[in-house]
Amino acid sequence: MSSPPSDSPIITISDLENLIDTYPLIDNHAHPLLKDLEPHADEYQLESITSEAHGSSLQDTKHSLSHRRAVRQLAKLYDCEPTWDAVKATRQKRDVSSLAADCFAGIQCILFDDGLDKRMVLGYREHDQFTFSPNRRIVRIEKVAEEVLEKMMLGVFLASMQEEIITEHWTEWSTGFMDAITKAINDREVVGFKSVICYRTGLEIETREDLPTSACALELNHWIEEVLSSCSFRLQSKVLNDWVVNTVCKALKGKNIPLQFHTGLGDNDINLLKSNPACMQEFIKKYPDIQFVLLHAAYPYTREAGYLAAVYKNVYLDFGEVFPVVSKDGQKSVIKQMLELTPANKLLWSTDGHWFPETFALANIQMREIIREVLVKRVKTQVLTLDEAAYIVKMIFFENSNNLYRLKLKPNLAIFSKSRTAKRLPLDENSASELGYEVPSVRHEITTDSGEGAILEEFLQKNPDIEYIRIQWVDYAASVRLRVLPLAVVLAKIKNNNWDFSIPKAGLDLLQDDTPLPNLQIEGKYRLVPQWNSLRNCTYANRHAAVMCEIRSADHTRIDICPRTSLIEALEKANKHDIDFLVGFETEVVFLGEVSNRLINFDKAHSWSAASALTPKYQAVMDEIVKALLEDGIEVIMYHPESADGQFEVVTGPLSPLAAVDALYHTRQTIWNIASKHHFHATFHPKPYANQIGTAAHTHISLGKGKAYQSEFIAGIIRHLQAICAFGLPSFASYERSIDNCWSGGTWVCWGDENRETPLRRISEADAHWEIRCIDATANMYLFISAVINAGILGVRQSLKLPPVCPVNPAEASLEIREELGITRSLPGTLGKAINFLQQDKELVDALGASLCEKHCVTKKAEINKMENMDKTEADRHSWELWHY
C-alpha cells in the first residue's frame, strides 16, 4: 500500500488508516543491535524482546499476552508457522542484516543511546544501511561519568583518606566529565543526552547549590573504593548521580539540546516507586530552559507524565517500550491516558529497540495498530475530524522529534518502497528519464575513479533532504556565479561518468552586470569540475547544497586562468618547501534598507562594539546567520558591531587556504540571503559611507610547517605588495577606503606589531600569525591568496630580509623617520596604478602566470572604463556599487 502525498486531503477513514499504516517514523530512543547473537545466547535471549525480566524469570514471559501476540506478528513477518519454535528456527536461517532490513521498514531515522553494552553492539552509524536517513546519537551521561573514572584508573590508582589526594581525584574526574560533555555538545552527530538516574538512585533529584566540593570529593573516593573491590564502575552514589545530572543541565543551558530521562518500568533493579516522574517536578522547575523527554510513557505512571508534559513547556512525553512489552489492552490504555491531557505536539514515538531487530519491528507494527484503533474511533465518535487525526499522526510519528532534535529531515513518503534511493531523489524515475537521465537504482552505485562520488554519497547520507546542488565558481569580477542542478541529474551524471557540464568561454569575460569585456570570446567552452570536498549544505536555501568548481578545458585538463586552480598551484609550490598555512577571515558587512529601489541607511546610532548597536532587528538577522553557518560546518568565533552605521563583523575560524576561501564565499552567500529574508540588503562595498569607516575583508594567515621561513615569506609579500594590491584592492571603491588614519592599513608599504595603520600586522611571532589589511570584499579571494602565497614563496626562494618593524603611524611620521625604517614606497592610490604595478612586476607575473595576470588586468581596466564613463551622477555610481558589491 502506498502512502498519500503529505499535502493530499484525508477524505475518508480509509485515507486516515492508510496514513497511519505508511507514514514514516522517527524513532527518538533506541539501542544498537548485537554484533553476533550466537556466542552470547545465554546472556541475550530472544525472549527478552517482550519483557524486562532477566534470568530464570524470563522463561515466564512465554505465558504473557504480549509474547503470544508477538509470536503471531513475527510469524506473519517471517512467513512461518505461528509458534515460538518456528519463529526462532526461521530467523536462524538469516543474518542480522537481512533481518534488520525487514524489521526497520517504515523507520526513517533512529536516535541511538549507544551507552548500553558498547562492546557487544554495532556502532550507531552502522545502522544507516537499514534506514532512509542517517541515524544520530544520544549520549548517556552516566556512562560518560563511568568512562572518565575508568580512564583515570587505568594506571596504579588507589582510594585515599588524605584530603589533598581526594580533592585531586575530584578535580581530575569532574573536569574530565565536564570536558567530555562539552565535546559531545559540540559534536554534530549528537542530538540529545540521556540520564538513567532512575535506575541508580531514583528521580528525586536534588538541585541544591550549596553542596560543598569536599562532600562530592568524598563520595567519589567511596566510589573508587567500590570499584576496586567489585571491579564494577557502575555509579550508585546519590550525591554523584545528582551532581552529574545537574552539571549536564547547566552545560545544556542555551544549547537547545534535549535531555531524556528513563522513567517508569525497567529492569528489576529499578525502584519502581522512585521511577515516578512526579518526583521530578521541582527539578523540572529548576531548569525551565532545558527540554526534558520522559521516556517509556513512564508506565505505569503515564497520567503523571502526561500532566508534566501538559503544564510545563519544556517537558515532552515519549511512548516507547510499552510496545511490545505491554499487552494490547494495556497499550491502548496508555495511548488513551496520554491523550487525556497531553498536547499532541508534546508526544514522541520510540521503539526502545535493543539487541534484536524484532524489537524494532514489533514496536512499529503494534504502535500503528493501536494508534489506528484509537484515532479512528475518535473520528467516528466526532471527537476528532479526519484532518485533526491526520495532524496528530504526522506530529507524533515524525514532526515532533524532527523539531525537538533539530534533525531537519523531510518525511520520505516512499519509506516502504524497496528502492533505498527514493529518499534522495527529487524526481521519480519517470520524470528523470523524460529529461534524458538514468536514475541510479542503488545508492552505492554513486562512485567515480577519484573517489569523489564517495564524498558526495557520505554527504547525502548526512543531509538526506538535499534536492538541488548549486554548481558555483567565482569569476574575475569576483562575482559568485552558479548553475542549479536537480540532485537526480547530478547522481545520473556521476554514475554514468558523464560529467560534461560546461559554460561558454564568454562566461569569464563579463563584469558584475554582464557588461562584456573587449575581445569577448564568442566561441568555445570551459568545463566546470566540482570539487566535492568543498560541498556544503545551504541552510540559507532550503534543500540546496553548494559546491565550488574548478574551471577547466573542454578535455578536463587544468587551464592557467582558473582562479581556484591558481591557488591550488600556489599551495603545491609551498608544499615543495614544506610550508603550509592556516587562513581565516574577518567578514565585514553593512545592512541597508530599501525604499523605492534606493538603498538607504536606517541606523543613526551605531559604533564599534557598542551594545546599543545590537538592536533586536540586527540581533535577529545576526543570530540567524551565525546559526546557519554553524549548522553548515563553519566555525564562528564571534560577531560584533563595527563602527559604521549598520556595520557588523563575523569572525570565522582558520582553515587550510583553499577550504578557507571556499568557506568565505559560503559565509557571504549566507549573510546576503538571510539579510534579504529579514528585508535588509547586505553590502560588502569597501566604502558605503563617505564620512564613516570602510568595510574590509581582513585576512589572517599563519605558517604551520615552515615557520622558520616566516621572515623571508613576509619579506616577499612586502616586496610585491604594490602589485598584490591589484588583486586585494581591485575596484574603484577600494581606494576610497584605503586611506591613512582610518584603521584601513594605511597607504605605506610596511609592517608593524599590532599596528593597524600598516598594511601587514604581525599578531604573533611565535605562531607566525599575520593579518593582511589591504584587502576588501571586491577581490576574487582565490586570486588574492594565490598572489600572497606566490609572493611569499618568492621571498623564501630569494632569502629576502624582512625590513624593520614600523612602531609608529607611518602617515604621521616624518620623512626622516620613514627613511630610517626603510619605508620609502606607498601603496597605489588608484586601481589604475595598482594594475601598472602588477604589469611591471615581472617576478610576480611569472609566478602567477602571464595569461592569468593579463586576464585580470583586462577585466579591471574594463571596470575602470565603465566607472569613468558611467552616464550617471557620482551618487548613482555609488548606488550601482552598493547593489553589486
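Quick caveat, the model's predicted, so the values are computed rather than measured.
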Peer 1: Among residues at least two apart in sequence or on other chains, which ones pass salt bridge (charged side-chain N to carboxylate O under 4.0 Å, His left out) with Asp662?
Peer 2: Arg564

Peer 1: Please give me the minimum heavy-atom distance between Pro357 and Leu33, naming the atom from each residue.
Peer 2: N-CD2, 3.5 Å

Peer 1: Quick one: does Val196's side chain get under 4.5 Å of Phe261's, heavy atoms only?
Peer 2: no

Peer 1: Under a 4.5 Å cut-off applied to non-hydrogen side-chain atoms, are Leu409 and Gln108 in contact?
Peer 2: yes

Peer 1: Quick one: list whatever passes side-chain contact (heavy atoms from CB on, under 4.5 Å) with Asn345, sequence neighbours left out.
Peer 2: Pro343, Met395, Asn400

Peer 1: Quick one: does Arg188's side chain have a donor or acceptor within less than 3.5 Å of a partner on Glu631's backbone?
Peer 2: yes

Peer 1: Go through the structure and list residues passing side-chain contact (heavy atoms from CB on, under 4.5 Å) with Cys549, not counting sequence neighbours.
Peer 2: Ile471, Leu528, Pro530

Peer 1: Compare every heavy atom of Leu294 with every heavy atom of Pro277, then report the nearest pair and how far apart it is.
Peer 2: CB-CD1, 4.0 Å

Peer 1: For residues Ile671 and Val621, determine if any side-chain heavy atom of one lies less than 4.5 Å from a side-chain heavy atom of the other.
Peer 2: no

Peer 1: Within the distance-only criterion (no hydrogens, no angle test), does the side chain of Gln331 pair as donor or acceptor with the backbone N or O of Val322 below 3.5 angstrom?
Peer 2: yes

Peer 1: Within the side chain of Thr302, is there an N or O that forms a donor-acceptor pair under 3.5 Å with the backbone of Ala298?
Peer 2: no

Peer 1: Determine whether Phe112 and Ile138 satisfy the following criterion, side chain to side chain contact (heavy atoms under 4.5 Å, CB included), listing intermediate values before the conclusion.
Peer 2: CA-CA 5 Å; Phe112 281 103; Ile138 301 289; over 6 Å; no

Peer 1: Could you report the tightest heavy-atom contact between Gly192 and Ile257, atom names first, then the distance?
Peer 2: CA-CG2, 3.7 Å

Peer 1: Would you say that Phe292 contacts Leu308 through its side chain, given a criterion of any heavy-atom pair below 4.5 Å between the two side chains?
Peer 2: no

Peer 1: In sequence, state the C-alpha distance, the side-chain angles, and the governing distance for Lys194 and Asp113, and then conclude on salt bridge (Lys or Arg N to Asp or Glu O under 4.0 Å).
Peer 2: CA-CA 8 Å; Lys194 176 188 173 184; Asp113 163 15; 3.0 Å; yes

Peer 1: When you measure from the side chain of Asn314 to the backbone of Ile290, do you find a donor-acceptor pair of N or O atoms at a distance under 3.5 Å?
Peer 2: yes

Peer 1: Work out which heavy atom in Ala105 is nearest to a heavy atom in Asn364; give both atom names and the distance.
Peer 2: O-ND2, 2.7 Å

Peer 1: Which residues pass the salt bridge (charged side-chain N to carboxylate O under 4.0 Å, His left out) test with Arg668, not counting sequence neighbours?
Peer 2: none

Peer 1: Could you tell me whether the side chain of Phe193 reaches within less than 4.5 Å of the side chain of Leu252, counting heavy atoms only?
Peer 2: yes

Peer 1: Restricting to non-hydrogen atoms, name the atom on Leu485 and the atom on Val489 that form the minimum distance, rounded to 0.1 Å.
Peer 2: CD2-CG1, 4.2 Å

Peer 1: Counting only N and O atoms by type, is there a donor-acceptor contact under 3.5 Å from the side chain of Thr359 to the main-chain atoms of Phe356?
Peer 2: yes

Peer 1: Shortest non-hydrogen contact from Thr670 to Ile625?
Peer 2: CG2-O, 4.1 Å

Peer 1: Under a 4.5 Å cut-off applied to non-hydrogen side-chain atoms, are Lys410 and Pro464 in contact?
Peer 2: no

Peer 1: Looking only at the side chains, is there a donor atom on one of Gln260 and Asp318 sitting less than 3.5 Å from an acceptor on the other?
Peer 2: no

Peer 1: Look at Glu369 together with Arg69 and state whether they make a salt bridge at an N to O cut-off of under 4.0 Å.
Peer 2: yes

Peer 1: Check the pair His31 / Phe360 against ring pair (Phe, Tyr, Trp, His ring centres under 6.0 Å), numbers first and verdict last.
Peer 2: CA-CA 10 Å; His31 307 274; Phe360 293 86; 9.1 Å; no

Peer 1: Can you tell if the side chain of Lys253 reaches within under 4.5 Å of the side chain of Tyr287, non-hydrogen atoms only?
Peer 2: no

Peer 1: State whether the side chain of Gln366 and the backbone N or O of Val326 hold a donor-acceptor pair below 3.5 Å, judged by distance alone.
Peer 2: no

Peer 1: Is a side-chain donor or acceptor of Asp27 paired with a backbone partner of Thr351 at a separation under 3.5 angstrom?
Peer 2: yes

Peer 1: Under the side-chain contact (heavy atoms from CB on, under 4.5 Å) test, which residues partner Leu482, sequence neighbours left out?
Peer 2: Arg470, Gln472, Val484

Peer 1: Could you walk me through whether Glu624 and His678 pass side chain to side chain donor-acceptor pair (under 3.5 Å), step by step?
Peer 2: CA-CA 10 Å; Glu624 186 171 343; His678 287 260; 2.7 Å; yes

Peer 1: Less than 4.0 angstrom from a charged side-chain N to a carboxylate O is my criterion; do Lys328 and Glu373 meet it?
Peer 2: yes

Peer 1: Is the ring centre of His29 less than 6.0 Å from the ring centre of Phe319?
Peer 2: no

Peer 1: Mind checking whether Ile335 and Ile371 have side chains closer than 4.5 Å, heavy atoms only?
Peer 2: yes

Peer 1: Let's go through Leu25 and Arg368 carefully: what are the C-alpha distance in whole Å and the side-chain angles of both, what is the deciding distance for side chain to side chain contact (heavy atoms under 4.5 Å, CB included) to 0.1 Å, and is it a yes or a no?
Peer 2: CA-CA 10 Å; Leu25 299 167; Arg368 293 182 192 269; 3.2 Å; yes

Peer 1: Keeping Asn402 on the side-chain end and Phe398 on the backbone end, is there a donor-acceptor pair under 3.5 Å?
Peer 2: no

Peer 1: Please check if the side chain of Asn186 supplies one atom and the backbone of Thr182 the other of a donor-acceptor pair under 3.5 Å.
Peer 2: yes

Peer 1: Checking Ser195 against Glu142 for the side chain to side chain donor-acceptor pair (under 3.5 Å) test, could you report, in this order, the C-alpha distance in whole Å, the side-chain angles of both residues, the deciding distance, and whether it holds?
Peer 2: CA-CA 7 Å; Ser195 172; Glu142 289 81 9; 2.6 Å; yes

Peer 1: Between the main-chain N or O of Arg125 and the side-chain N or O of Asn135, is there a donor-acceptor pair closer than 3.5 Å?
Peer 2: no

Peer 1: Taking the inter-plane angle between the rings of Tyr23 and Phe397 on a 0 to 90° scale, is it parallel (under 30°), tilted (30 to 60°) or perpendicular (over 60°)?
Peer 2: tilted

Peer 1: Any carboxylate oxygen within less than 4.0 angstrom of a Lys/Arg side-chain nitrogen, looking at Arg378 and Glu388?
Peer 2: no

Peer 1: For Asn537, give me all partners under side-chain contact (heavy atoms from CB on, under 4.5 Å), at least two apart in sequence or on another chain.
Peer 2: Lys408, Phe459, Asn463, Ile466, Thr539, Asp632

